[in-house]
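Source: prediction; values computed, not measured. Numbers here are sequence positions counted from 1.
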Amino acid sequence: MSFNDHIAEHPTHVNPYTAADVLAILNENRWLAGDPTPEQTAWAERAAQLLGHYAEARDGLANLLRLVFEYNAAQILQTTDAHTALSRYAARDVVRHLALLLLEPAPLTSERFKEIVTELKEKLEVRSRDLFHPIRLSLTGRIGEGELDRIILLLDEAAALPFAVPVKSGRIRILEFCSALD
């Protein structure tokens with residue numbers, strides 16, 4: 001099983017979203033103050049490309065973007081999904097090892113995410129939902145599917161930008177999650 005085996009194929013519909021759609025959603029939710037910088041526009045374009053295939057309606061895109069801008073580990077851990085995911089085989093080990101890997105100051109890029117997943121697979125000998133649900137839960141607040149992996153890829157880049165609401169990086173999220181976990 002390769003790294004990308006866990007990522008669902010893009011649905012067959014065409015991605016109707018652009019950076020303008022993402023920026024409009026950011027403005028509507030007060031996540032963006034004023035005119036976007038070129039870096040924010042580039043991030044919005046990337047967000048539209050990564051997430052647009054997963055949103056059948058504009059509200060769906062807004063809900064996916066909400067996972068970038070709103071994160072509260074204590075609230076996440078009160079959900080039924082969190083209890084279910086964390087009760088599975090090796091889930092807490094996945095979270096702990098993920099935290100150790102994210103303590104390194106390197107940004108959480110696509111390449112780094114692949115390396116982390118590979119290392120977790122090898123070290124913990126877990127696959128599929130036993131691996132990805134704890135990762136997705138701790139970094140996005142949901143257990144879902146491949147669209148959440150794309151949210152993860154947007155976090156560190158967004159965290160470095162001056163949005164009206166500061167975005168928590170992958171490193172900050174895992175630290176918050178581990179603090180609230182025990």
Nearest 0.5 angstrom please: [X] [atom1] to [Y] [atom2], how far?
X      : Y      : atom1 : atom2 : result
Glu147 : Asn63  : CD    : CG    : 11.5 Å
Leu139 : Leu148 : CG    : CG    : 10.0 Å
Leu102 : Phe177 : CG    : CZ    : 12.5 Å
Leu181 : Ile76  : CG    : CD1   : 11.5 Å
Ser138 : Ile152 : OG    : CD1   : 7.0 Å
Glu157 : Trp43  : CD    : CH2   : 8.0 Å

Side chains of [X] and [Y]: closer than 4.5 Å at any heavy-atom pair?
X      : Y      : value
Leu124 : His97  : yes
Phe163 : Leu26  : yes
Val126 : Lys121 : no
Ser169 : Leu108 : no
Leu154 : Arg46  : yes
Val95  : Leu86  : yes
Leu153 : Phe113 : yes
Arg171 : Glu104 : no

For a quick test of reading the model, state the closest non-hydrogen atom pair linking [X] to [Y] and the distance between them.
X      : Y      : value
Val167 : Leu155 : CG1-O, 3.8 Å
Asn72  : Ala74  : OD1-N, 3.1 Å
Val94  : Leu120 : O-CD2, 4.3 Å

Might you work through the salt bridge (charged side-chain N to carboxylate O under 4.0 Å, His left out) test for Glu28 and Arg58, ending with a clear yes or no? CA-CA 12 Å; Glu28 291 164 12; Arg58 193 170 183 276; 2.8 Å; yes

Salt bridge or not between Arg136 and Asp149? Use side-chain N to carboxylate O under 4.0 Å.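 Yes, Arg136 and Asp149 are salt-bridged.
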
Check Glu145 with Arg150, please: is the shortest side-chain N to carboxylate O separation under 4.0 Å?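 Looking at Arg150 and Glu145, the cut-off is not met.
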
Joint cluster assignment, Leu100 & Ile172, ILVMFWY side-chain distance < 4.5 Å: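 Different hydrophobic clusters.
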
Using 30° and 60° as the class boundaries, would you call the ring planes of Trp31 and Phe69 parallel, tilted or perpendicular?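 The rings of Trp31 and Phe69 lie parallel, inter-plane angle below 30°.
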
Side-chain donor/acceptor of [X] to backbone N/O of [Y], under 3.5 Å:
X      : Y     : result
Asp21  : Thr18 : yes
His83  : Leu77 : yes
Asp130 : Ala90 : no

